[in-house]
Number of protein chains: 2
Amino acid sequence: MSKKDDILKSAITLFADRGFQDASMTEVAKMAGVSGATVFYHFKSKEALFLIALETVKDGIIKEFDHYLSEHDFESGIELAEGIISFYLYLAGTMEEWFLLLHSHYPYKLALVNKECRSHLEKIYNSLVDIFERAVALGREDGSINAGDTRKTALVIFSMVDGVVRFKIYNLYDTGALFNELINSCRKILKYKT
Amino acid sequence: MSKKDDILKSAITLFADRGFQDASMTEVAKMAGVSGATVFYHFKSKEALFLIALETVKDGIIKEFDHYLSEHDFESGIELAEGIISFYLYLAGTMEEWFLLLHSHYPYKLALVNKECRSHLEKIYNSLVDIFERAVALGREDGSINAGDTRKTALVIFSMVDGVVRFKIYNLYDTGALFNELINSCRKILKYKT
DNA sequence: AAAAAAACTGACTGACCAATCAGTAGTGTT
DNA sequence: AACACTACTGATTGGTCAGTCAGTTTTTTT
């Protein structure tokens, strides 16, 4: 792995763990084992480094979901939906850094004034909601899902799952104990007519 | 309102809007219309000010819910649950600062090393989940709710509602358009047997 | 009105941090 | 070996910030 990659990896860890403002470029450099000036040689500013970190997270999430969906077969829309939910929770456990970064306030503040940041966030959330939406649409075709508006149903399911992820990464509740209840709740939302 | 109150009010606004690290004591002082040193006269450190801000939010949320519940009558457990959800979303709209503060990363990081912070957060979340749980328990008694485990059902509903609130305060989706879908989804989760 | 206590302030300090720059080391090309 | 180019660094700078302190103003008490 190149030093540039080391820096990027350290940056993701530190931005996730401490937030943008509280993670210093000196710390990033130290963690990556390079001098402070080297960080600025590879990334022109702290904000630029953050944007590339966010882009890396974006690409990672999309790639992981593509891989998961291509490797598994599902018998119905509702099974696909349950698979996606399980994988989302699994990913939030193994790649906690990504989700901490996405749950921090900074990117959403930056998005208000920075087009690139806004674009990354939109891409991430649209991709995720699209994945949920496709499952709902499939289920409505095969009869396993009877919920009303496809997009809105996908959004509510996504809100719920992401809400549980937030509880997990902020150490508020034990998500493991909640998994079955979450799947059951989603099943009810999807199965029954609105 | 005393200057101490002015300072506290400004602190809540700035901590919510910029996060702990990015809100400076000088800015708090400026917004409150006092000198920088006055802030330190009333609050011994930035962290102490944050803790009192968090405590104020805690008291505010609990008081608002107490007031709402004492002023309204509900015919069944499920109606109570729907009322609570509506009021939670309403509060997140009118008192956005409180929820921004609760959705920032800092208090949860601080809670790992600071007992008082941990205590405030536990009080807030336990109070809120208890409110949801009482509605579920009531509904199970009067037959309007048939979901399984009371506590876990309350937790999942709370996750979902708080997830939608996060989308709202981070400007990700229009929550207004999602309100009916959210209420319908909750109804399904609560109404049907697990 | 005098004394005491509380509220408040301007000026300052030491620490930290993002960013710069001049220069050095390494790597490949001719 | 000379050249060019990329990767990297130590030292420095200008700015910001939390927190302190000595001293002033305001309020309360006697």
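By convention in this document, chain letters (A, B, ...) are assigned in the order of the sequence lines, proteins followed by strands, and residues within each chain are numbered from 1. Just so it is clear, the model here is predicted, and its values are computed rather than measured.
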Legend entry - Atom pair distance, as rounded to whole Å: CE in B:Met25 and P in C:dC12: 21 Å
Legend entry - A:Ser35, nearest nucleotide to its side chain (from C:dT9, D:dG19, D:dG10): D:dG10
Legend entry - Out of C:dC8, D:dT6, D:dG19, whichever nucleotide has its closest atom nearest the side chain of A:Tyr41: D:dT6
Legend entry - Per A:Ala37 side chain, nearest of listed nucleotides D:dC8, D:dG10, C:dA18: D:dG10
Legend entry - A:Lys46 side chain, from C-beta outward: closest of C:dA19, C:dC8, D:dG19: C:dA19
Inset, instruction - Considering just the side-chain nitrogens and oxygens of B:His42, establish if one lies under 4.0 Å of OP1 or OP2 belonging to C:dC8. - result: yes
Inset, instruction - Verify the contact: side-chain N or O of B:Thr26 to OP1 or OP2 of D:dC17, cut-off strictly under 4.0 Å; return yes or no. - result: no
Inset, instruction - May I ask you to decide whether A:Arg151 forms a salt bridge with A:Asp130, counting only side-chain N to carboxylate O separations under 4.0 Å? - result: yes
Inset, instruction - Measure the acute angle between the ring planes of A:His72 and A:Phe74, then classify it against the limits of 30° and 60° as parallel, tilted or perpendicular. - result: parallel
Inset, instruction - Taking only the side-chain heavy atoms of B:Ser24 (C-beta and beyond), determine which of D:dC17, C:dA18, D:dG19 contains the nearest atom. - result: D:dC17
Inset, instruction - Consider the side chain of B:Lys3, meaning its heavy atoms from C-beta on, and name the nucleotide among C:dA18, C:dC21, C:dT9 that approaches it most closely. - result: C:dT9
Legend entry - Short N-O contact, A:Lys168 and A:Glu96, less than 4.0 angstrom: no
